[in-house]
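As structure tokens, the structure follows; a few thoughts come after it.
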Amino acid sequence: MPHAPKSSIKKADKTVDVKGTKNGGKRTIPAVKADRFYPAEDIPQPKVSRKSPKTGALRASITPGSVVILLAGRFRGKRVVVLKQLESGLLLVTGPYKVNGVPLRRVNQAYVIATSTKIDLSNVKLDAKFNDAYFGKSGKKADKEFLEGAEQKKAALPESKVADQKAVDKAIVDAVSKTPFLGQYLGSTFGLSKGQFPHAMKF
């Protein structure tokens, strides 16, 4: 015998009167009762936060055009030029690439030392496309090739990003060439010798 289709109408909770002056007068009975059994293992639930992430305040010693020293990462010890602060709070910096080999990249301001050297960026025009999404990785690695041990070939840098690097560095290199020894300063690597303490130095 075919079963009758279940109704899609949800049952409402039932309210009943309760006797006794100290019992509140009424009690609500849920239409759907709770399960008698529950899973032995706790299922983690994502924690809901009402806080919205905010961009960290930029240090007073760092402004667009400041020369900073990188303390971590592949280019640690290099001196780079700060272009701006991105929405994520990271700094957009460049070597320039022609001077010390550091390309356009994002760095955390916690891992840089700000110096007193400044470069005039009034002639440098930054497009709005230089944001956090510009540095996002496109495409995923092939899991099959990785599991089979296939040789991974390094992807070539897109021509568009090479052109962007040259366009940004051109105005900066022109500004650097106007100041004597500034190019050699940016091209040198920072390091400490015996008896030198960074907290006692003035950068």
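Residue L90 shares its hydrophobic cluster (ILVMFWY side chains chained together at separations under 4.5 Å) with no other residue. Through direct or relayed side-chain contacts under 4.5 Å between Ile, Leu, Val, Met, Phe, Trp and Tyr, I43 connects to no other residue. The hydrophobic cluster containing V48, built from Ile/Leu/Val/Met/Phe/Trp/Tyr side-chain heavy atoms closer than 4.5 Å, comprises no other residue.
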What side-chain donor-acceptor pairs closer than 3.5 Å can you find for residues 50-72, not counting sequence neighbours?
unit_1: T55; atom_1: OG1; unit_2: E87; atom_2: O; d: 2.6
unit_1: R59; atom_1: NH1; unit_2: Q109; atom_2: O; d: 2.4
unit_1: R59; atom_1: NH1; unit_2: V112; atom_2: O; d: 3.4
unit_1: T63; atom_1: OG1; unit_2: S66; atom_2: OG; d: 3.0
unit_1: T63; atom_1: OG1; unit_2: K118; atom_2: NZ; d: 3.1
unit_1: S66; atom_1: OG; unit_2: T63; atom_2: N; d: 3.0
unit_1: S66; atom_1: OG; unit_2: T63; atom_2: O; d: 2.9
unit_1: S66; atom_1: OG; unit_2: K118; atom_2: NZ; d: 2.7

Under 3.5 Å, which donor-acceptor pairs do the side chains of residues 196-203 form with other protein atoms, sequence neighbours left out?
unit_1: Q196; atom_1: OE1; unit_2: S193; atom_2: N; d: 2.7

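Taking all atoms of both residues into account, the shortest heavy-atom contact from G101 to P103 is O-CD, 3.4 Å. V18 and R27 make their closest contact through CG2-CB, 3.5 Å (heavy atoms, listed as atom of the first residue, atom of the second, distance). Across all non-hydrogen atoms, the minimal contact from V124 to A171 is CG2-CB, 3.7 Å. What you find for K78 and N100 is that their closest heavy atoms are NZ-O, 3.5 Å.
V82 and L104 sit in two unconnected hydrophobic clusters of ILVMFWY residues. Membership requires side-chain heavy atoms under 4.5 Å apart, directly or through other members. Side-chain heavy atoms closer than 4.5 Å link hydrophobic residues (I, L, V, M, F, W, Y) into clusters, and following such links, even through other members, never connects L126 to V107. Note: the hydrophobic cluster containing L86 does not contain L91 (ILVMFWY, side chain heavy atoms under 4.5 Å, direct or indirect links). Cluster annotation: Y97 is not connected to F130 through the hydrophobic network of ILVMFWY side chains, with a link wherever side-chain heavy atoms come within less than 4.5 Å. If you chain together hydrophobic residues whose side chains sit under 4.5 Å apart, I113 and L192 fall into the same group.
K33 is linked by a side-chain contact (heavy atoms from CB on, under 4.5 Å) to nothing, counting only residues two or more places apart in sequence or in another chain. Residues passing the side-chain contact (heavy atoms from CB on, under 4.5 Å) test with D13, sequence neighbours excluded: T28, P30, A31. In this view, A163 satisfies the side-chain contact (heavy atoms from CB on, under 4.5 Å) rule with no residue, not counting sequence neighbours. With sequence neighbours excluded, the residues satisfying salt bridge (charged side-chain N to carboxylate O under 4.0 Å, His left out) with R106 are D132.
Note that CZ of F135 is 9.0 Å distant from CZ of R105, once rounded to the nearest 0.5 Å.
Just one of L83, V173, L92 meets the side chain to side chain contact (heavy atoms under 4.5 Å, CB included) condition when paired with V168; it is L83.
Remark: the backbone N or O of A175 is not paired with any side-chain donor or acceptor of D120 at under 3.5 angstrom.
No more than 12 heavy atoms of other residues, nucleotides or ligands shown are found within 6.0 angstrom of NZ on K98.
Among residue pairs with one or both ends in residues 161-182, those qualifying as side-chain hydrogen bond (donor to acceptor under 3.5 Å, both in side chains) are T94-Q165, T94-D169, K129-D164, Y134-D164, Q165-D169; sequence neighbours excluded. Listed by first and then second residue, the salt bridge (charged side-chain N to carboxylate O under 4.0 Å, His left out) pairs that reach into residues 34-49 come to none, sequence neighbours excluded. Here ring-ring contact (aromatic ring centres under 6.0 Å, His included) pairs that include residues 41-88, with residues two or more places apart or in two chains, number zero.
In this structure the side chain of L186 reaches within 4.5 angstrom of the side chain of I119, judged on heavy atoms. Here the side chains of T117 and L182 are in contact, with some heavy-atom distance below 4.5 Å.
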